[in-house]
K.L.:
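Sending over a structure as C-alpha cells; questions will come in a sec.
Just so it is clear, the structure is predicted and the values come from calculations on it, not from any experiment. Throughout, a chain's letter reflects where its sequence line sits, starting with A, and its residues are numbered from 1.
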Amino acid sequence: MDKVYDHKKVEDNIYKKWEEGGYFKPEVNPDGQPYSIILPPPNANAPLHFGHAMYVIEDILIRYHRMKGFAALWLPGADHAGFETQFVYEKHLAAEGKSRFDFDRDTLFKDIWEFVHNNRGGMENQLKKLGFSLDWSRLKFTMDEDIVKIVHSNFKKLYDDELIYRAKRLVNYCTFDGTSFSDLEVIHEERVSPLYYIKYGPLVLATTRPETKFGDTAVAVNPKDERYKKYVGQELEIETVLGKAKIKVVADEMVDPEFGTGVVKITPAHDFNDFEVAKRHNLPMKQVIGFDGKMNEHAGEFAGLYVKQARKAVVEKMQEKGLVEKIDENYVNRVGLCYKCKNILEPLPLEQWFVKMEPLAKPAIEAVKNPSASSGHIKIHPKSFEKLYFQFLENIRDWNISRQVVWGIRIPAWRCLDCISRHSGDDPPIGGVDARIKEGSWTSSPRFDGVEAGQDDRSSWIVTEGTAPEKCSKCNSNNLVQDTDTFDTWFSSSQWPFATLQTTQNEKLKTENDFERFYPTTVMETGYDILRWWVARMVMMGIYATGKVPFENIVLHGLVNDPLGKKMSKSKGNVVNPLALADEYGADAVRFSLVYGTALGNDQILSYPKLEASRRFTNKLWNMARFIEMKGVELSQKGHPEPVSVSNKIPDQVRNDGSRGSHEVRSDAVIARSETTWQSFETLTIEQLSNFATNPTDKEWILKVSNLVSEVTKNMETYQFNQVSEKLYEFVWHQFADIYIEDVKTRIDENSFTVLNSLFLILNSLLHPMMPFVTEEINSKLGGLRQLIVSQWPE
RNA sequence: GGAUCUAUAGCUCAGUUGGUUAGAGCGUUGCAUUGACAUUGCAAAGGUCAGUGGUUCGAGUCCACUUAGAUCCACCA
C-alpha cells in the first residue's frame with residue numbers, strides 16, 4: 001500500500017467496478033424490503049453547484065440500507081428547468097448576436113433540446129465523481145415522452161375535476177423575459193420610489209406610479225373617513241394631462257386613511273389591490289401598459305414610451321399644468337422583481353391557467369398531521385419544519401402554472417377559432433401578447449380578449465391528454481389552435497416521484513414499472529429552501545394523482561454558504577464547484593466534511609480547515625490499514641502458515657458457512673446470493689469474535705466497538721449523520737488508533753491480530769456510507785470477501 | 001405587519017429524551033517523534049453556554065420576557 005492515500009488513483013476505478021457489478025440496482029438484494037429515494041432532479045443543463053453535494057445524505061441513507069439488506073433504489077433524473085434554461089440559452093444566443101425572435105417555435109425548441117443534451121453528460125459525471133450510488137439504468141428526464149404523457153394526463157384529470165381554471169387575472173409579468181411567474185417566484189426588494197401628490201379635481205392623492213393614471217377607473221377613500229364622505233358615490237370631473245376626465249369615487253376598507261392623503265387612485269389593470277377593489281365595486285379594467293413594457297394607445301401622447309420614461313414625462317407635464325402638489329423624493333417601498341433578470345415586474349392582466357390549491361392542500365396537511373391519514377403518513381425531519389409546511393399550505397393561493405416560454409411541456413389545450421369569432425363577433429386579436437413579436441413567429445397566438453376579469457373561461461377550451469383534437473366538439477370545425485404556453489417547471493416536477501416510478505422497469509417483479517414495489521417512496525431529502533416550492537407541491541400532487549403520499553419521510557438539510565458565511569450565488573461570483581474540491585481533497589473528504597459538525601436542517605459554512613481535517617482522516621484510516629497489512633506480512637514471515645490477509649486467518653469453525661476466504665472470491669464479489677460468502681469475516685457477529693478472542697484487553701475493545709455499532713446504527717436510523725461521523729471520527733482516531741493499536745502493537749500475536757483486523761474492518765464498514773471510496777479500497781486490501789458496498793452492515 | 005430559526009472556546013460548529021468536571025476541528029503554547037500516518041503522538045491555555053426571570057433535587061437543554069443576527073410569508077397606494 002502507498003504511504004499516502006491517493007484518491008485520484010482509486011476513485012474512478014472503484015466507481016466503475018461498482019457500476020459494472022450492478023450494485024447500484026435494488027436487485028442486488030432481490031428479497032430485501034423496498035427502500036427508495038428519488039433524487040431531486042438537478043437542472044439538466046447547468047453544472048452542479050455546492051447544494052448538490054448535499055445529495056451525500058441520500059447516498060448515506062441508500063448505502064446504509066443497501067448494507068442492511070434492503071432493496072435500495074436511488075433513482076436519478078434531470079429537470080428541464082423551463083424558464084431557467086431558456087434564459088441561459090437566450091444569453092447564449094445574445095452572445096452570437098441573435099435573439100429568440102429570430103427563430104420559429106419548433107426550431108427554437110429543437111435548438112434548446114440539443115443545447116441541453118450536449119450539457120447533460122456533465123451533470124451525470126459530476127454525480128459519479130462524488131461517488132453517488134444512483135441506479136443509472138433508471139435515469140429519467142422531465143421531458144421524456146412517457147413523463148410528458150403523465151403530466152398531460154394529470155392536467156386533464158385536474159381540469160375534468162374542475163381544479164384547473166382559465167382566468168384573466170393580474171400576473172407578475174416580466175416584460176424583458178416575456179413571461180409571467182407564480183407568486184413564489186417573485187422576489188421583493190426595497191427601492192426608493194418618489195411619492196407624487198397629485199390633484200384629482202378637489203382631491204389630492206399620493207401615488208408612486210403616476211404613469212398608470214390613464215388606467216384609473218375610480219378613486220377610493222376609506223368609508224369611515226369623514227373628510228371624504230361627501231364625495232363617495234359621486235362622479236368628479238377632473239383636469240388631467242390629457243384634458244378633462246370623469247372619475248368615480250368609491251369607499252373601500254382597503255384604503256388606509258393614515259397613508260398619504262387617504263385617497264387612492266384605482267388602477268385595476270396594473271395593481272393587485274386595485275384589481276380586488278375593482279372586483280368588489282364592479283369597476284371596469286383599463287390596460288395602459290403593454291406586454292412589451294410600453295404605454296399603449298390609452299396613454300395618448302405618451303403611447304410608445306417605456307414605463308420609466310413615461311413616468312418622467314407624465315410628471316413633467318403634470319407639473320406644467322400645476323397638477324402636482326408635492327413630491328416626497330425619499331419614499332421607499334417594496335417592488336416585485338424578476339428573480340432572473342432583476343427587472344421590475346409589471347402586474348398585467350393576462351389569461352392564465354390556474355390550479356385551485358385549497359382542495360389539494362387539505363389532504364397534504366392531513367398527511368403530516370394525522371398518523372393514520374388515509375393517504376399515508378409523512379414525517380418531517382427535523383420536526384421543526386412542520387411549522388413552515390403548515391404555514392404555507394394553510395395560506396395557500398392558487399397557482400399560475402402557465403409560462404410564456406417555449407422550453408417546456410406544452411399545455412395540452414386547444415381552442416376553436418370559429419367558435420371564438422362567432423362568440424365575440426370579431427376576429428380574435430392576433431399577437432397581443434408581445435408587440436415586439438412579428439406576426440407568424442412563435443409566440444404570436446390567438447388571444448381571446450373577451451374574457452371578464454377573474455372569470456373562468458372554460459367554455460372555449462378543449463383539453464386533452466396530449467393528442468391534438470381533430471375537430472371542435474361544438475361546431476365540428478377543424479380550425480383549432482393549441483395554447484402556446486408551457487407548464488411551469490414545478491408543475492411537472494411536482495409529479496416526479498410517481499411519474500418516474502410509473503415509467504421505469506422493474507427487474508424484480510418482471511413488470512413494466514417500479515411503481516408497485518417502490519411507491520410510496522421512503523424518503524424525500526432536499527434543502528429546506530424548496531419545501532414550499534417543491535416538496536409541498538409533490539405531496540399535494542402525489543396524493544391527488546395516486547391516492548397515496550409520494551414519500552413517508554421528508555428529510556431537510558440546510559444550505560451551504562461560502563467561507564465568509566454568505567449565500568453562494570452566481571451573481572456574487574462566490575460559487576464553489578464541489579468537483580474542484582473533490583479533486584483536491586478527495587470525494588470522501590468532501591462528503592465527510594458536509595455531514596460532520598452540522599446538525600440536520602442547519603446551514604453550514606464551507607470550511608477549508610474542515611475539508612483538510614477530513615482529508616487527513618481518510619489518510620489516517622488508510623495508514624491504519626497499512627499498518628495492519630504490514631503486521632500481517634510480518635506475522636507470516638515469522639513462520640505462520642499463510643496469514644497474509646486476515647481472511648485466511650479466520651478459523652473455519654467461526655465462519656458461518658465454513659468457507660475459506662480468498663482473494664479470488666473477493667475480487668469478483670458476485671451478487672447472486674447462492675454463491676456468496678455473505679457471512680464473511682468482516683461481518684462476524686460480535687459474539688463470535690468475542691468467543692474467539694483470548695486476550696482480555698482485546699475482549700474489552702470488542703465490547704467498545706460493539707457499543708459504537710449500536711450507537712451509530714441508532715443515529716443512522718434517526719438521520720443524525722453528524723453524530724455518526726463525529727462518533728466514528730473520535731473513536732477510530734483517538735480511541736482505536738491512539739490507544740488500542742498502540743497497545744496491541746506491543747503484544748501482537750495471531751489471535752490479537754485477527755481481532756484487530758476484524759474490529760478495524762467493522763469500523764471501516766461503518767464509515768463506508770460516508771466515505772465509500774477509501775473504505776472500499778481498504779476492504780479490498782485487507783481481504784474483504786465481498787465488495788464493501790454490498791457487504792452486510794455490522795451488528 | 002405576521003412567522004420561524006439562530007445565539008456554546010479566538011474562528012467554524014456538535015451537545016439525542018434535563019443528570020457528575022460542557023466537547024470536536026482549525027488556530028495558539030510547550031514537549032516528543034521519521035516510527036503505519038507529506039506527519040503523528042502527548043500535554044496545556046482558552047467558555048459566568050447572549051441577558052433577565054421562572055419550573056426542577058438538578059437547566060447549555062424546558063417555559064416567559066429582553067437583546068442581537070438570519071430567513072421566510074404578506075405586502076404599503
Side-chain angles (χ1 to χ4, degrees), chain A residues 1-6 183-184 186-188 190 193 195-198 205-210 212 219-220 252 254-256 258-267 270-274 277 331-336 382 384-392 394-397 528-529 531-532 558-559 561 563-567 592-593 595-631 634 711 714-715 717-720 722-723 725-727 729-730 733-734 737-739 741-742 745:
Chain A
M1 289 173 76
D2 292 344
K3 199 173 172 187
V4 175
Y5 171 63
D6 183 358
D183 300 313
L184 281 184
V186 179
I187 53 171
H188 293 273
E190 291 208 331
S193 323
L195 188 62
Y196 303 92
Y197 287 76
I198 302 168
L205 57 79
T207 179
T208 55
R209 301 209 58 185
T212 63
V219 294
D252 195 281
M254 177 272 272
V255 183
D256 173 9
E258 303 294 317
F259 186 92
T261 59
V263 185
V264 186
K265 67 193 206 55
I266 299 298
T267 323
H270 301 290
D271 183 281
F272 291 101
N273 279 322
D274 294 1
V277 174
Y331 182 71
V332 174
N333 72 347
R334 289 171 69 80
V335 293
S384 54
F385 284 106
E386 280 185 4
K387 285 173 198 160
L388 279 180
Y389 178 87
F390 291 134
Q391 187 187 311
F392 172 59
E394 280 160 7
N395 302 297
I396 200 158
R397 301 166 70 168
Y528 65 77
D529 53 327
L531 178 64
R532 289 167 306 122
L559 309 176
N561 293 322
L564 298 173
K566 301 265 185 258
K567 194 171 175 172
F592 193 81
S593 71
V595 289
Y596 182 96
T598 305
L600 188 68
N602 284 357
D603 292 351
Q604 61 176 309
I605 289 180
L606 177 68
S607 154
Y608 290 100
K610 195 156 94 176
L611 280 164
E612 178 56 20
S614 304
R615 189 199 63 77
R616 284 193 190 167
F617 184 48
T618 57
N619 195 49
K620 183 73 184 180
L621 202 64
W622 178 258
N623 274 286
M624 289 164 75
R626 189 165 160 243
F627 174 75
I628 291 169
E629 190 200 38
M630 218 180 66
K631 287 291 164 196
E634 272 174 30
E711 278 184 49
K714 197 181 145 205
N715 291 144
E717 297 287 343
T718 49
Y719 308 103
Q720 293 169 301
N722 61 318
Q723 292 296 313
S725 52
E726 285 159 42
K727 279 175 187 163
Y729 181 96
E730 207 282 329
W733 197 323
H734 300 299
D738 290 351
I739 303 174
I741 291 185
E742 288 304 318
K745 204 183 227 182

K.L.:
Within the structure shown, what part of the strands sits under 4.0 Å from A:L388 by heavy-atom distance: base, sugar-phosphate, or nothing?
P.N.:
nothing
K.L.:
What's the closest nucleotide to the side chain of A:N715 if the choices are B:U16, B:A14, B:A36?
P.N.:
B:U16
K.L.:
B:G25, OP1 or OP2 - any side-chain N/O from A:R615 closer than 4.0 Å?
P.N.:
no
K.L.:
Salt bridge or not for A:K714 and A:E711, using N-O below 4.0 Å?
P.N.:
no
K.L.:
Rounded to whole angstrom, note down the C1' distance from B:U61 over to B:G54.
P.N.:
15 Å
K.L.:
Could you work out the separation of B:G15 and B:A59 based on their C1' atoms and round it to a whole Å?
P.N.:
14 Å
K.L.:
Could you check whether A:M630 gets within reach of a base, just the sugar-phosphate, or nothing at all, counting any heavy atom under 4.0 Å?
P.N.:
sugar-phosphate
K.L.:
Picking from B:A77, B:C26, B:C73, which would you name as closest to the side chain of A:R616?
P.N.:
B:C26
K.L.:
Evaluate the side-chain proximity of A:N561 to A:K567: yes if any heavy-atom separation is below 4.5 Å, no if none is.
P.N.:
yes
K.L.:
Measuring from the side chain of A:T208 (C-beta onward, heavy atoms only), which nucleotide among B:U16, B:A77, B:G15 has the closest atom?
P.N.:
B:A77
K.L.:
Report the nucleotide, chosen from B:G41, B:A14, B:A74, that has the shortest atom-to-atom distance to any side-chain atom of A:A599.
P.N.:
B:A14
K.L.:
Roughly how far apart, to the nearest Å, are B:C62 and B:C49 at atom P?
P.N.:
15 Å
K.L.:
Kindly indicate, with the supporting measurements, whether the criterion side-chain contact (heavy atoms from CB on, under 4.5 Å) is fulfilled by A:Y5 and A:N623.
P.N.:
CA-CA 8 Å; A:Y5 171 63; A:N623 274 286; over 6 Å; no
K.L.:
Please determine whether a side-chain nitrogen of the Lys or Arg among A:E629 and A:R626 lies less than 4.0 Å from a carboxylate oxygen of the Asp or Glu.
P.N.:
no
K.L.:
In this structure, how many angstroms lie between the P atom of B:U6 and the CG atom of A:N602, rounded?
P.N.:
7 Å
K.L.:
Between the base of B:C37 and the side chain of A:K620, is there a donor-acceptor distance below 3.5 Å?
P.N.:
yes
K.L.:
Would the base of B:C75 count as contacting A:R334 through its side chain, where contact means a donor and an acceptor less than 3.5 Å apart?
P.N.:
yes
K.L.:
Base, sugar-phosphate or nothing for A:S607? Non-hydrogen atoms, less than 4.0 Å.
P.N.:
nothing
K.L.:
Counting side-chain heavy atoms from C-beta on, which of B:C72, B:A36, B:A14 comes nearest to A:K745?
P.N.:
B:A36
K.L.:
Using a 3.5 Å distance criterion without hydrogens, assess whether the side chain of A:T267 forms a donor-acceptor pair with backbone atoms of A:H270.
P.N.:
no
K.L.:
Give one of base, sugar-phosphate or nothing for A:Y596, where a contact means two heavy atoms less than 4.0 Å apart.
P.N.:
sugar-phosphate
K.L.:
When all nucleic acid strands are considered with a 4.0 Å heavy-atom cut-off, which category describes A:D274: base, sugar-phosphate, or nothing?
P.N.:
nothing
K.L.:
May I have the distance from A:R209 (atom CZ) to B:A77 (atom C1'), rounded to whole angstrom?
P.N.:
11 Å
K.L.:
Assign the ring pair A:F617 / A:F592 to parallel, tilted or perpendicular, where the plane angle (0 to 90°) is split at 30° and 60°.
P.N.:
tilted
K.L.:
Roughly, in whole Å, what's the span from CH2 in A:W733 to P in B:U39?
P.N.:
10 Å
K.L.:
Does the side chain of A:H734 get closer than 4.0 angstrom to OP1 or OP2 of B:G25 through an N or O atom?
P.N.:
yes
K.L.:
Taking B:A9 as the reference, what is the distance to B:G60 when you measure between their P atoms (whole Å, please)?
P.N.:
15 Å
K.L.:
From the list B:U16, B:G25, B:C75, which nucleotide is the closest neighbour of the side chain of A:N273?
P.N.:
B:C75
K.L.:
Pick the nucleotide of RNA chain B nearest each of A:R626 and A:P609; which residue has the one closer to the 5' end?
P.N.:
A:P609
K.L.:
Using the P atom on both, measure B:A14 against B:U55 and round to a whole Å.
P.N.:
31 Å
K.L.:
Rounded to the nearest Å, what distance is computed from the CG atom of residue A:D603 to the C1' atom of nucleotide B:C5?
P.N.:
9 Å
K.L.:
Does NZ or CZ of A:K620 come closer than 6.0 Å to the centre of the six-membered ring of A:Y729, within 45° of the ring's axis?
P.N.:
no
K.L.:
NA contact type, A:K3, heavy-atom cut-off 4.0 Å: base, sugar-phosphate, or nothing?
P.N.:
sugar-phosphate
K.L.:
After noting the C-alpha distance and the side-chain angles of A:N715 and A:E726, does the key distance pass the side-chain contact (heavy atoms from CB on, under 4.5 Å) rule?
P.N.:
CA-CA 11 Å; A:N715 291 144; A:E726 285 159 42; over 6 Å; no
K.L.:
Counting any heavy atom closer than 4.0 Å, what does A:E742 reach on the DNA or RNA strands: base, sugar-phosphate only, or nothing?
P.N.:
base
K.L.:
Taking atom P in both B:U48 and B:U40, what distance in whole Å separates the two?
P.N.:
31 Å
K.L.:
NA contact type, A:A206, heavy-atom cut-off 4.0 Å: base, sugar-phosphate, or nothing?
P.N.:
base
K.L.:
Could you check A:A625 against A:K567 and say which one's nearest nucleotide on RNA chain B is further toward the 5' end?
P.N.:
A:A625
K.L.:
Kindly determine whether A:D274 and A:I266 satisfy side-chain contact (heavy atoms from CB on, under 4.5 Å), including the steps that lead there.
P.N.:
CA-CA 5 Å; A:D274 294 1; A:I266 299 298; 3.8 Å; yes
K.L.:
Using whole Å, what does the distance between atom C1' of nucleotide B:C11 and atom OH of A:Y608 come to?
P.N.:
16 Å
K.L.:
For A:N623 and B:U39, is the shortest distance between a side-chain N/O and OP1 or OP2 below 4.0 Å?
P.N.:
no
K.L.:
Counting heavy atoms from C-beta on, name the nucleotide in B:C73, B:A77, B:U12 closest to the side chain of A:Q391.
P.N.:
B:C73
K.L.:
Does the side chain of A:K265 reach to within under 4.5 Å of the side chain of A:T212, using non-hydrogen atoms?
P.N.:
yes
K.L.:
May I ask you to say what A:F592 touches in the nucleic acid, namely base, sugar-phosphate or nothing, with a heavy-atom cut-off under 4.0 Å?
P.N.:
nothing
K.L.:
In terms of side-chain geometry, is the basic nitrogen of A:R615 or A:E612 positioned less than 4.0 Å from the acidic oxygen of its partner?
P.N.:
yes
K.L.:
Nearest to the side chain of A:I741, which nucleotide is it out of B:A14, B:A36, B:C75?
P.N.:
B:A36
K.L.:
Answer yes or no: does a side-chain N or O of A:K387 lie under 4.0 Å from OP1 or OP2 of B:C5?
P.N.:
yes
K.L.:
Determine whether any donor atom in the side chain of A:Q604 lies under 3.5 Å from an acceptor atom in the base of B:A14, or the reverse, and answer yes or no.
P.N.:
no
K.L.:
Is the phosphate of B:A77 approached by A:N333 (side-chain N or O, under 4.0 Å from OP1 or OP2)?
P.N.:
yes
K.L.:
Send over the distance from A:Q720 CD to B:G15 P, rounded to a whole Å.
P.N.:
8 Å
K.L.:
Please determine if a side-chain N or O atom of A:Y528 lies less than 4.0 Å away from the OP1 or OP2 oxygen of B:U4.
P.N.:
no
K.L.:
Which is true for A:Y729 with a 4.0 Å heavy-atom rule: it touches a base, it touches only sugar-phosphate, or it touches nothing?
P.N.:
sugar-phosphate
K.L.:
When the C1' atoms of B:C57 and B:U20 are compared, how many Å lie between them, rounded to an integer?
P.N.:
14 Å
K.L.:
Name the stems with RNA chain B in them: runs of three or more consecutive Watson-Crick or G-U pairs, distances under 3.5 Å?
P.N.:
B:1-7 with B:67-73, B:10-13 with B:23-26, B:28-32 with B:40-44, B:50-54 with B:62-66
K.L.:
Between B:C37 atom C1' and A:F627 atom CZ, what is the distance in whole Å?
P.N.:
11 Å
K.L.:
One pair to check against side-chain contact (heavy atoms from CB on, under 4.5 Å): A:N722 and A:V595. What are the steps and the verdict?
P.N.:
CA-CA 5 Å; A:N722 61 318; A:V595 289; 5.9 Å; no
K.L.:
Nearest to the side chain of A:D738, heavy atoms from C-beta on, is which of B:A14, B:C26, B:G41?
P.N.:
B:G41
K.L.:
Nearest whole angstrom, please: distance from the P of B:A3 to the CZ of A:F385.
P.N.:
19 Å
K.L.:
Using the C1' atom in both, what is the distance from B:C65 to B:G23, to the nearest Å?
P.N.:
30 Å
